[in-house]
Amino acid sequence: MTAGDHAYAFDYNASQPWRLGAALLDELPSSRSFSAEEAMPVAGLHLDIPAKRAGVWCIEPLDGLESWWPSLWPGWELSLWDDDAGHQPVRFPAFDLDRWLYELAERVHRHWAVRETLMAHGLDPDGPESVIGFVQSHLATGLTVQDRDAVLDAILPGSATTINAADAALFR
């Protein structure tokens, strides 16, 4: 979120701060500054406080924002910028995009069960540990190690080799 020339950071689960209405203005002095260590924002709000104008961009549905905006922000003009963060007047610090893509690739590796990987770790994909809800549904897709690694490398080229090596080291 930006106001004037200052960028503020909110927790990841506070991705729609505009829902607080004009009361948000009282929270700004105690809000922490945004830094390059933050996750890439999924939404943004810019406030031009003297002009009482606001702009919002978001990669998620805004769920009727235009209809309830006047009740939460009386007297404020709203501009909707779709998913275009480029309208935010204050530029966020540069992100290490590869860092975030690698984290995403790690999550795909960690959370998508593959029969061969389970067996390599000494787990029986058809045994009692596989009855955990997501394991059976993931195994049912028939995803192979090659399929998963292709997804990892599509996210960030070369990440499959690095992630697989780190995973193998954990189970030595």
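Quick caveat: nothing in here was measured; it's all calculated off a predicted structure. Any value given below was found using the heavy atoms of this structure, including those in side chains, with hydrogens, waters and symmetry copies removed.
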Kindly compute the distance separating CD1 (Ile163) from CZ (Arg107), expressed to the nearest 0.5 Å. 11.5 Å
Rounding to 0.5 Å, atoms CD1 (Ile155) and CG (Leu101) come to a distance of 8.0 Å
Euclidean distance, Arg148 CZ relative to Glu116 CD, rounded to 0.5 Å: 8.5 Å
Can you confirm whether His46 sits close enough to Trp57 that some side-chain heavy atom of one is under 4.5 Å from a side-chain heavy atom of the other? no
Taking C-beta and beyond as the side chain, do Asp153 and Thr161 meet within less than 4.5 Å on heavy atoms? no
Can you find a pair of side-chain heavy atoms, one from Leu152 and one from Leu156, that are under 4.5 Å apart? no
Report the distance from atom CG of Asp82 to atom CG of Leu62, rounding to the nearest 0.5 Å. 8.5 Å
Taking C-beta and beyond as the side chain, do Leu47 and Leu25 meet within less than 4.5 Å on heavy atoms? yes
Return yes if a side-chain donor-acceptor contact under 3.5 Å exists between His109 and Asn164, otherwise no. yes
Roughly how far, to the nearest 0.5 Å, is CG of Leu24 from CG of Leu45? 6.5 Å
Side-chain donor-acceptor pairs of residues 69-76 under 3.5 Å, sequence neighbours excluded:
unit_1 : atom_1 : unit_2 : atom_2 : d
Trp69  : NE1    : Trp76  : O      : 3.1
Ser71  : OG     : Trp68  : O      : 2.8
Trp73  : NE1    : Trp18  : O      : 2.9

